[in-house]
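Chain A is the first sequence line, chain B the second, and so forth, proteins listed ahead of strands; every chain is numbered from 1. Side-chain atoms are counted along with the backbone in the values below, which use heavy atoms only and exclude waters and symmetry mates.
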Protein chains: 2
Amino acid sequence: MSDPLTSEPWSPAEFEARLRKIGEERYHSRHPFHRLLHEGKLTQGQVQAWVLNRYYYQSRIPMKDAALMSQVEDPEFRREWIRRIHDHDGTEGGIDRWLILAEGVGLDPDYVRSTEGVLPATRFAVDAYVRFVRDKSLLEAVASSLTELFAPDLHKARIAALLENYAFANDQTLAYFRKRLTQAPRDVAFGLAFVQREARTREKQEAALAALRFKTDVLWAQLDALYFAYVEPGLVPPGAFVPKTE
Amino acid sequence: MSDPLTSEPWSPAEFEARLRKIGEERYHSRHPFHRLLHEGKLTQGQVQAWVLNRYYYQSRIPMKDAALMSQVEDPEFRREWIRRIHDHDGTEGGIDRWLILAEGVGLDPDYVRSTEGVLPATRFAVDAYVRFVRDKSLLEAVASSLTELFAPDLHKARIAALLENYAFANDQTLAYFRKRLTQAPRDVAFGLAFVQREARTREKQEAALAALRFKTDVLWAQLDALYFAYVEPGLVPPGAFVPKTE
């Protein structure tokens, strides 16, 4: 491998292609758990486990975005980024919408909100993400958000797949995903432009790529844990959610 | 002193009285630099130094509030606190208003925005505040914001004093302080209720008092540095703003 300290930076096009390649190879759309979900092969209990655990991720996203903003000296940048917090926290925001989905799949929203029953591995992965954004450089923090480059395709496929395969799926329960179809591209355009602008050396470009890979690990690890606990071998750790037998 | 681990918590009224006593004894309204300012005894260059250095504090407040929000798990709480960021960052927000004041006292807003010329001691104190909020408990972070209990009285006195004593003072240049007269009481009511609710042991009450004392130190230290550099002995450190001789 060439030395990032002495190598020329990649062109913007080449750099973006490398960012996108990470999505092709490592985004959680490729995870077996998502395949089962989209093919309609999960039981209601397994879908509940997914919704419950993913709620923990959703609930930490505004904290992650606040941690990111605490690093930002430029008011213009903060004015742009703060929308993300409103998108999640606002009335009919992302967290509310996720709770509607939770109710739709038969979970008690108060139980979900309590985050009791969440898999420890979910907490570890998600908390690691919040800490990463808090402690790493702003460039790396923003780069880690670029999984949004890959999210709209996944969400589009998911909406169609869930509508086809599950009784709980309807416009109301899937509103979270539909809303993200417009929010994510707007957000990612800003994030990508920032990363292109700031990563002007090969070393910084490599750091941005590593940050995006880290984020794909955070997402992937959550599905590994779900698969292990609720699909195969199906060993639910002590204290975690146990689906009712169907 | 009694042991905070074994002592009974103070009643809400007694606890609030102790918080308010910190303001009486340690709030920067009592600092000699503020007295000179309010008595019209500062030269334009000294006022400029105050405005320039205080801009650094203003510019970090939204970062401090984002750091605080990154600790908050409750969306309701975040929805309340996020207003503070808008109050500072928004169009005609606190930072804009402070820059209008800066222009009014004859400073170039771009120079102010660059934060070049800010006293190192200002940076150390302000950065310590942001770090405190980021690293301490949420209770301590919120408690440190309670200097807002004391701010409206200071701002009222300041508006009257500046109008009386300085040619630059008018409705436009003093808009920052006037706006804070309504914002601060709204904010502090929420903060005080939170601190009262969360500090249910003597140990936590003591931690909240210590956090508020810390914040008064942060404000006081900024005025010490201004006094030292621009009043007496008047030794401006290398690289810091030097007023034009008048």
_Where B:G117 and B:L52 come nearest, the two heavy atoms and their spacing_ = O-CD2, 3.7 Å

*Between A:R134 and chain B, which part of the residue has a heavy atom less than 4.5 Å away: side chain, backbone, both or neither?*
both

*Name the option with the most non-hydrogen atom pairs under 4.5 Å to chain B; the candidates are A:V130, A:I95, A:V72.*
A:V72

_Which one wins on heavy-atom pair count under 4.5 Å against chain B: A:K64, A:H88, A:R78?_
A:R78

*So do A:K204 and A:E198 actually touch side chain to side chain, heavy atoms under 4.5 Å?*
no

*asked:* Which residue is it: A:H155, A:R97, A:Q58? I am looking for the one with a side chain to side chain donor-acceptor pair (under 3.5 Å) to A:Y176.
replied: A:Q58

*Is any NZ, NE, NH1 or NH2 atom of the basic residue among B:R186 and B:D87 found under 4.0 Å from an Asp or Glu carboxylate oxygen of the other?*
yes

*Given the options B:R60, B:M63, B:Q71, which has more heavy-atom pairs under 4.5 Å with chain A than any of the others?*
B:M63

*B:W50 pairs by ring pair (Phe, Tyr, Trp, His ring centres under 6.0 Å) with which of B:Y55, B:W98, B:Y57?*
B:W98

_Given heavy-atom pairs under 4.5 angstrom as the criterion, report whether the side chain, backbone, both or neither of B:E76 touches chain A._
neither

